[in-house]
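Below: the structure, in structure tokens.
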Amino acid sequence: MTNLRKPAVRLFAAVAAVSLVAACAEDGDTASGGGADYPDQNITFVVPFSAGGPTDTVTRLIAEPMSEELGAQIVVQNVEGAGGTVGSGEVAGADPDGYTVLMHHIGMSTAPALYADLGFDPMADFEMIGLVTEVPMTIVARADFEPETLEDLIDHVSENADSVTLANAGIGAASHLCGLLFQDALGVSLQEVPYEGTGPALTDLVGGQVDFMCDQTTNTSGQISAGEVKAYAVTTPERVESLPELPTTAEAGLPELEVAVWHGLYVPAGTPDEVVQQLSDALVVALADQGVIDQLADLGTAPVPAEDATPEAHRAKLEEQIETWGEIIADAGVEQS
Ligand code: ASP
């Protein structure tokens with residue numbers, strides 16, 4: 001078994017869906033440059049994956065209390081494609097006025113190593129608002145997939161590498177990264193089936209169209225509890241409280257695979273400081289909301305501490321993660337797309 005050998009790393013186009021999250025402010029079309037009047041129109045939160053998936057779920061959860069705090073409507077827009085890079089690129093090029101906000105995850109830190117021509121620079125083209133949550137991944141399979149345990153899965157995949165299918169949300173997605181780590185650990189190369197988000201991937205997994213995948217507990221918890229998918233392990237060092245039966249990858253025999261998917265909010269570079277601060281303050285309030293805390297707990301995770309929901313903590317995390325993942329991906333010999 002090849003070993004990625006790196007220390008544990010904590011982890012995160014078409015307009016597919018648009019929805020109004022909350023209505024708290026007067027409607028207005030007038031573009032504003034941000035500042036004293038901010039916000040005086042709807043704010044768009046771009047999710048770079050499909051509606052109904054884990055990134056979308058976390059975004060909608062925090063959008064409501066943020067909307068209340070900011071006194072403005074928040075519209076969630078799914079701009080999918082290329083593992084989250086299409087939506088990210090769109091926000092990087094948007095007006096820096098605080099009305100276009102991106103929710104992304106660990107993929108923001110892996111994309112530079114995975115794409116030869118990303119089209120945007122994660123560190124230079126965004127202002128960071130703050131970290132949001134860090135979500136464990138689960139390794140799940142269609143309910144009738146033969147292997148019963150992670151150990152069985154490793155054997156089965158090793159013996160049937162030419163026929164097993166692995167779903168993901170495109171190159172740069174967290175599911176893609178977790179799949180890379182899995183394949184690298186086993187020294188196999190599987191047939192990958194890309195989706196525009198793991199929402200639709202999970203639907204196909206439940207329907208038996210693909211064999212297995214990794215995905216955040218924020219997407220898989222319901223199907224695991226309902227027995228609609230087979231779950232092998234959780235990818236964090238600790239078990240997840242809401243899924244207590246599920247062993248960790250280390251317990252189940254694959255300590256090389258440890259990933260937690262961190263999420264953060266971004267606005268385009270050049271957004272005024274006071275607007276960034278207002279968004280960050282609203283994020284802190286949203287993450288302290290008991291409803292948000294309870295719902296995240298049901299989905300196997302928790303908000304980050306308030307001190308991490310800040311531009312400074314987010315920038316430091318992204319910088320560190322770009323370096324860490326850049327090395328891991330290069331060492332794994334992954335070719336850039
Ligand atoms: N969980 C997905 C991923 O693999 C993204 C999503 O659909 O939210 O990154």
Side-chain angles (χ1 to χ4, degrees), residues 9-17 19 45-63 76-88 91 102-111 113-115 122 132-141 165-183 190 192-206 210 212-224 229 231 234-236 240 257 259-266 296 299-301 321 325 329 334 337:
V9 181
R10 313 202 125 242
L11 307 180
F12 280 126
V15 173
S19 71
F45 273 24
V46 171
V47 173
F49 297 103
S50 308
T55 313
D56 184 74
T57 296
V58 170
T59 306
R60 286 170 201 273
L61 262 180
I62 63 156
V76 176
Q77 191 174 21
N78 299 82
V79 183
E80 306 138 321
T85 61
V86 172
S88 303
V91 176
L102 173 71
M103 169 73 89
H104 202 2
H105 61 30
I106 190 170
M108 188 64 104
S109 64
T110 58
L114 293 169
Y115 286 88
V132 177
T133 182
E134 193 165 294
V135 186
M137 298 198 94
T138 49
I139 304 175
V140 289
T165 52
L166 171 63
N168 65 39
I171 295 169
S175 46
H176 171 254
L177 176 67
C178 181
L180 277 181
L181 299 178
F182 183 88
Q183 292 175 81
L190 303 176
E192 298 186 33
V193 184
Y195 292 80
E196 295 201 320
T198 44
L202 186 64
T203 303
D204 269 10
L205 196 75
V206 170
V210 281
F212 82 111
M213 70 171 181
C214 298
D215 199 19
Q216 287 105 295
T217 54
T218 34
N219 201 34
T220 58
S221 291
Q223 281 79 1
I224 292 173
V229 295
V234 61
T235 63
T236 41
V240 171
L257 206 175
V259 183
V261 185
W262 58 273
H263 295 63
L265 288 179
Y266 302 79
L296 286 177
L299 296 173
T301 187
Q321 288 276 281
W325 285 111
I329 290 166
V334 180
S337 297

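Just so you know, ligand 1 is whichever comes first in the structure, and atom 1 is the first atom listed for that ligand.
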For this session: Look at ligand 1 and say whether E196 reaches it with a heavy atom at a distance under 4.0 Å.
Result: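 Distance cut 4.0 Å: E196 fails for ligand 1.
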Ligand 1 contact by S50, heavy-atom criterion under 4.0 angstrom: no
### Task
Run through T59, L202, T218 and flag the one making a side-chain contact (heavy atoms from CB on, under 4.5 Å) with P54.
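The option that passes is T218.
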>> Checking V334 against L180 for the side chain to side chain contact (heavy atoms under 4.5 Å, CB included) test, could you report, in this order, the C-alpha distance in whole Å, the side-chain angles of both residues, the deciding distance, and whether it holds?
In response: CA-CA 9 Å; V334 180; L180 277 181; 4.0 Å; yes
Quick one: does M137 get an N or O within less than 3.5 Å of an N or O on ligand 1?
no
Query raised in the report: Does an N or O anywhere in H105 fall below 3.5 Å from an N or O of ligand 1?
Result: yes
Checklist entry - Would T301 and T133 satisfy side chain to side chain donor-acceptor pair (under 3.5 Å), going step by step from the backbone distance to the final call? => result CA-CA 7 Å; T301 187; T133 182; 3.0 Å; yes
In ligand 1, which numbered atoms sit nearer than 4.0 Å to a non-hydrogen atom of [X]?
X	answer
Q216	1 (N), 2 (C)
T55	5 (C), 6 (C), 8 (O)
G197	7 (O)
S175	3 (C), 4 (O), 9 (O)

Partners meeting ring-ring contact (aromatic ring centres under 6.0 Å, His included) with Y266 (sequence neighbours left out):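 For Y266, the residues satisfying ring-ring contact (aromatic ring centres under 6.0 Å, His included) (neighbours in sequence not counted) are F126, H314.
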Checking heavy atoms under 4.0 Å, the part of H176 that sits near ligand 1 is neither
Honestly, for D215 the part within reach of ligand 1 (heavy atoms, under 4.0 Å) is side chain
For T198 and S175, does a side-chain donor sit closer than 3.5 Å to a side-chain acceptor?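 Not at all, the side chains of T198 and S175 share no donor-acceptor pair under 3.5 Å.
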>> I'd like to know if the side chain of S50 pairs up with that of E196 as donor and acceptor (distance under 3.5 Å, no hydrogens or angles considered).
In response: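 No - no donor-acceptor pair under 3.5 Å links their side chains.
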Mind listing the closest non-hydrogen atom pair of A82 and Y115 along with its distance?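 Minimum heavy-atom separation between A82 and Y115: O-OH, 3.0 Å.
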